[in-house]
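Some notes on the structure that comes next.
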There are 2 protein chains.
Amino acid sequence: MARRGESIELAVLGLLHEGPLHGYELRRRLNLLLGWGLGRVLSYGTLYPALKKMSRSQLISEDTSTPAPVTGRPRIVYRVTDLGREEFQRLMSEAGPVAWEDDTFGIRFSFFASAPSEIRLRVLEGRRTRLEERLARARADLARTQRKADRYASEYHRHGVEGVEREVRWLSDLIAAERGRQESRSSPARPVPGQGGASTTGSPEATTG
Amino acid sequence: MARRGESIELAVLGLLHEGPLHGYELRRRLNLLLGWGLGRVLSYGTLYPALKKMSRSQLISEDTSTPAPVTGRPRIVYRVTDLGREEFQRLMSEAGPVAWEDDTFGIRFSFFASAPSEIRLRVLEGRRTRLEERLARARADLARTQRKADRYASEYHRHGVEGVEREVRWLSDLIAAERGRQESRSSPARPVPGQGGASTTGSPEATTG
DNA sequence: GTTAGCATGTAAGGAGTTACATGATTTT
DNA sequence: AAAATCATGTAACTCCTTACATGCTAAC
């Protein structure tokens, strides 16, 4: 399982929810958004074929009407279709392990504003549980191999474990905040900054499970 | 240029320095050693072809003499050759950017015990510089997009930056320890900080600006 | 007048995954 | 009797990267 391919798809869908974009700008945003921004960058060799594929499966539409402002070339502007919006909600609601994997979690989290609170909470809690399971295993490994493993190897292991512990604390804070927001639902004094762009408050499918 | 391909090669070479191993056991150690241990595991579809390739290029040798103890199958025991040892030292000494990439850094660090202090220091400092460059860029991005980015996206960004800052502090501690070890060469056996137990020094003040 | 940024793509290939194939032994 | 662990491999596939191809405009 653990489809990696969905990561770009989800990210593109999420970005296009805020408004239409062309490939070049999409890539720039993607690089900022994803871990790509730190170090690695997404190549055109990945992006453009992915866009073509999504276009073929009707998740997004191509619009060549607006000519490029800088160059004279037919700049292609992409928009989410209704099918794309459906798919986005489906992907965001995905409750299975895929939602807690390292690579897709970051993307999901970044687009939390476009998902209902129940789903946010479910993804956050699932992620935390997953990390705690890992921690248990990792700590067991550490204790078991500490005697024979050399200093550097076990120091690296220890550092990794500490990093996961830090993320668990972060998740716990977020979960608490999310719960607080859910409880005070009756008084919408502090809504999630939905950014106006996509006013698709209609039928978020809520929870599927 | 086979940048990523070196990670398994280096890890196998490093593990075999401690003694001969067969594929199955090698994979188990690799999973503990690398980030693979947390979550993902290395598949046989990667390992065995990689071993064959290394065998062809004389970095390791196959030994089918010892029969499998459990099954009757011809268990293949791998050993580092002299050429493999040379290659290992060469890879460990690699001062270029490859040595600071996320994926190869962890492996290099885990095998620091097999490298001289100068190389350890060089790799640690290179890594820290690289991370600090990233931080500068990431913080600039954060400041620039903070206005328009929504809460969740920027929170994720912030969390990532904080994680990198944490790693920089970790590296600085290690570098200081390494320098201390270099200066007092006559009296060795100064341990790497953090050996004594789970002393999580997570101070809440993490941001520097 | 050359570098940098805008803008869209294709071709070749690397690295790794899943699924498949085989079969023995130990544990449940 | 079934399941897990030991043990080695191959084939097909996916995702992504690098290098290439094209050409226009703004800035230095």
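Side-chain atoms are counted along with the backbone in the values below, which use heavy atoms only and exclude waters and symmetry mates. So that the names make sense, note that chain A is the first sequence line, chain B the second, and so on, each numbered from 1.
- Residue A:Tyr24 places at least one side-chain N or O under 4.0 Å from the OP1 or OP2 atom of C:dC6.
- Distance from the side chain of B:Arg75 is smallest for D:dT8 among the nucleotides D:dG9, C:dG9, D:dT8.
- With rounding to whole Å, A:Ile107 atom CD1 is found 13 Å from D:dC15 atom P.
- When the P atom of C:dC6 is taken as reference, atom CD of A:Glu25 falls 9 Å away, rounded to whole Å.
- Residues A:Arg127 and A:Glu132 are not paired through a salt bridge, judged by the lack of any N-O separation under 4.0 Å between the basic side chain and the carboxylate.
- For B:Leu21 and D:dC6, the CG to C1' distance is 15 Å, given to the nearest whole Å.
- A side-chain donor-acceptor contact under 3.5 Å links A:Trp170 and B:Glu155.
- Rounded to an integer number of Å, the gap from A:Leu42 CG to D:dT18 C1' is 13 Å.
- Between B:Asn31 atom CG and D:dT5 atom P there is a gap of 14 Å when expressed in whole angstrom units.
- The distance from atom NZ of A:Lys53 to atom P of D:dC16 is 10 Å, rounded to the nearest whole Å.
- Protein atom CZ of A:Arg28 is 19 Å distant from nucleotide atom P of C:dA4, rounded to whole Å.
- When each of C:dT17, D:dG9, C:dG9 is scored by its nearest atom to the side-chain atoms of A:Ile76, the top-ranked nucleotide is C:dG9.
- Regarding contacts with the backbone of D:dC15, every side-chain N or O of A:Ser43 stays at 4.0 angstrom or more from both OP1 and OP2.
- To the nearest 0.5 Å, the span separating CZ on B:Phe112 from CD on B:Glu178 amounts to 7.0 Å.
- Ionic pairing of A:Glu162 and A:Arg158 is present here: one or more N-O contacts between side-chain nitrogen and carboxylate oxygen are shorter than 4.0 angstrom.
- Checking C:dG9, D:dC16, C:dG16 against the side-chain heavy atoms of A:Tyr44 singles out C:dG9 as nearest.
- Of the listed nucleotides (C:dG16, D:dT18, D:dC16), D:dC16 has the atom at the smallest distance from the side chain of A:Ile8.
- Set against C:dG16, C:dA7, D:dG9, the side chain of B:Thr46 has C:dG16 as its closest nucleotide.
- The side-chain tip of B:Arg27 points at the ring of B:Tyr44 from less than 6.0 angstrom away and within 45° of straight on.
- A:Leu16 places a side-chain heavy atom less than 4.5 Å from the side chain of A:Leu26.
- B:Gly45 comes within contact range of at least one nucleobase, with a heavy-atom separation under 4.0 Å.
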Steps toward side chain to side chain contact (heavy atoms under 4.5 Å, CB included) verdict (A:Ile60, A:Arg79): CA-CA 5 Å; A:Ile60 59 178; A:Arg79 280 187 179 79; over 6 Å; no
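- Counting only heavy atoms from C-beta on, B:His22 has its side chain closest to D:dA7 among D:dA7, D:dT17, C:dG9.
- Rounded to whole angstrom, the span from the OH atom of A:Tyr48 across to the C1' atom of C:dT10 amounts to 13 Å.
- Two end axes, each from the C1' atoms of five base pairs, can be drawn for the helix from C:dG1-D:dC28 to C:dT28-D:dA1; they diverge by 40°, to 10 degrees.
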